Amino acid sequence: MDDSSILIEAEGLSKYYGPFTAIENVSFQIRRGEVTAFLGPNGAGKSTTMKILTGFLAPSAGTARIAGFNMSTDRIAGARHLGYLPENGPLYPDMTPKSLLEFFASARGMTPKSRKARMEWVIEMCNLSSVLGKPIGKLSRGFRQRVGMAQVLLHDPDVLILDEPTSGLDPIQIQEVRKTIRALGETKTILLSTHILQEVEAMASRILFISDGRLKYDGSVPGFLEGNQTLEGHFCELGKS
């Protein structure tokens with residue numbers, strides 16, 4: 001398969017804080033059209049890995065690439081292909097969803113024509129039409145999460161990195177976010193960090209499992225379950241090993 005199909009690449013990533021090892025020698029590749037779940041216990045190194053992949057954090061060793069661009073040296077070029085939704089991502093509470101999207105469209109240098117078309121698309125995709133004129137600070141957590149997702153999708157990135165996208169949502173809101181991610185997964189490359197194991201079976205075809213800063217599993221969801229009756233059982237087993 002052509003290497004141009006590799007849109008997320010971690011090559012020997014390590015991050016040290018003095019004597020503390022956050023991650024060590026983490027390597028994987030994710031190709032176009034894959035939805036991959038990134039699992040591991042709290043403090044395992046998931047957020048550190050994602051921050052390095054998105055260029056928010058520099059690795060102590062190794063290389064992170066998005067769409068072939070080194071995120072330490074070509075972050076701006078890589079960011080054009082990337083949409084990143086951190087857990088509890090920051091939003092401007094005094095702005096409305098409409099004004100926030102217009103602000104980010106302008107910041108990304110989108111033309112008026114492409115801005116209008118993309119805003120219409122993300123508003124429909126994220127079901128925001130009913131709250132477009134309301135201050136973000138007055139919206140429910142579910143709607144704020146949708147606003148964050150709309151901002152991430154606005155520039156039509158090839159790659160989405162989502163950190164706990166359903167954290168704190170009610171069951172109805174979780175179903176809506178899952179539906180959105182499944183639809184996006186048909187055309188985007190998605191790395192999804194989650195603690196909700198049901199989401200893995202509902203959305204992902206592949207699992208990366210990290211524990212104590214090291215990658216312990218990289219393979220299919222059925223392969224992860226082999227010899228184990230539940231995702232939870234294997235999660236606990238790998239997390240302790």
Side-chain angles (χ1 to χ4, degrees), residues 6-31 34-66 71 82-89 145 152 159-169 174 177-178 181 185 188-241:
I6 299 171
L7 293 187
I8 302 177
E9 184 175 15
E11 183 180 347
L13 292 181
S14 297
K15 184 64 178 179
Y16 308 113
Y17 296 96
F20 175 71
T21 299
I23 59 171
E24 188 166 52
N25 198 30
V26 172
S27 297
F28 56 83
Q29 297 175 340
I30 305 177
R31 297 183 181 275
E34 283 189 300
V35 179
T36 300
F38 198 23
L39 305 182
N42 288 330
K46 298 189 303 297
S47 290
T48 297
T49 303
M50 287 190 293
K51 286 177 181 176
I52 292 173
L53 286 171
T54 55
F56 282 84
L57 197 62
S60 301
T63 305
R65 296 184 183 90
I66 296 294
M71 294 304 285
L82 173 67
Y84 175 42
L85 182 65
E87 186 178 10
N88 301 316
Q145 197 77 333
V152 163
V159 177
L160 298 174
I161 296 181
L162 311 175
D163 192 357
E164 302 288 350
T166 61
S167 176
L169 303 186
I174 288 172
V177 172
R178 286 180 182 175
I181 291 173
K188 309 291 183 186
T189 298
I190 300 176
L191 180 63
L192 168 73
S193 171
T194 181
H195 282 102
I196 303 173
L197 299 182
Q198 296 95 318
E199 291 182 355
V200 177
E201 292 180 290
M203 292 184 287
S205 59
R206 177 180 170 194
I207 290 174
L208 298 171
F209 190 96
I210 192 170
S211 182
D212 293 326
R214 293 169 177 81
L215 199 62
K216 300 289 183 72
Y217 179 85
D218 177 358
S220 69
V221 176
F224 189 82
L225 293 170
E226 199 170 285
N228 298 273
Q229 292 188 343
T230 64
L231 275 169
E232 183 178 354
H234 201 190
F235 184 104
C236 294
E237 178 184 310
L238 278 178
K240 292 174 182 176
S241 62

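The chain is numbered in sequence order, starting from 1. The structure presented is a predicted model; accordingly, all values stated were derived computationally and were not measured.
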Inset, instruction - List the steps, then state whether side chain to side chain contact (heavy atoms under 4.5 Å, CB included) holds for L82 with M71. - result: CA-CA 11 Å; L82 173 67; M71 294 304 285; 4.2 Å; yes
About how many Å separate [atom2] of [Y] and [atom1] of [X], when rounded to the nearest 0.5 Å?
X    : Y    : atom1 : atom2 : value
N25  : L13  : CG    : CG    : 9.0 Å
L39  : L208 : CG    : CG    : 8.0 Å
R31  : T36  : CZ    : OG1   : 11.5 Å
T49  : I161 : OG1   : CD1   : 10.0 Å
L162 : M203 : CG    : CE    : 8.5 Å
E24  : S14  : CD    : OG    : 5.0 Å

Inset, instruction - Ignoring hydrogens and angles, state whether a donor on the side chain of S27 or E11 is under 3.5 Å from an acceptor on the partner side chain. - result: no
Inset, instruction - Give a yes-or-no answer on whether the side chains of S205 and E34 include a donor-acceptor pair shorter than 3.5 Å. - result: no
Hey, is the main chain of [Y] close enough, under 3.5 Å, to the side chain of [X] for a donor-acceptor pair?
X    : Y    : answer
T54  : K51  : yes
Y217 : F224 : yes
S220 : G223 : yes
Q145 : P165 : yes
K15  : T21  : no
T166 : I174 : no

[X] side chain near [Y] side chain, heavy-atom distance below 4.5 Å:
X    : Y   : result
L192 : F38 : no
F209 : P41 : yes
I30  : I6  : no
L7   : I66 : no
I52  : I23 : yes

Inset, instruction - Start with the C-alpha distance between K46 and T48, add both sets of side-chain angles, then the distance that settles side chain to side chain contact (heavy atoms under 4.5 Å, CB included), and finish with yes or no. - result: CA-CA 5 Å; K46 298 189 303 297; T48 297; over 6 Å; no
Inset, instruction - Specify the closest pair of heavy atoms between D163 and S193, including all atoms of both residues, with the distance to one decimal. - result: OD1-OG, 3.5 Å
Legend entry - Stepwise side chain to side chain contact (heavy atoms under 4.5 Å, CB included) check, L160 with L85: CA-CA 8 Å; L160 298 174; L85 182 65; over 6 Å; no
Inset, instruction - Count the heavy atoms of every other residue, nucleotide or ligand shown that sit under 6.0 Å from NZ of K188, and state whether that count exceeds 12. - result: yes
Legend entry - Proximity of Y84 and F56 rings by center, below 6.0 Å: yes
Inset, instruction - May I ask you to say whether D218 pairs ionically with R206, meaning some side-chain N is under 4.0 Å from a carboxylate O? - result: yes
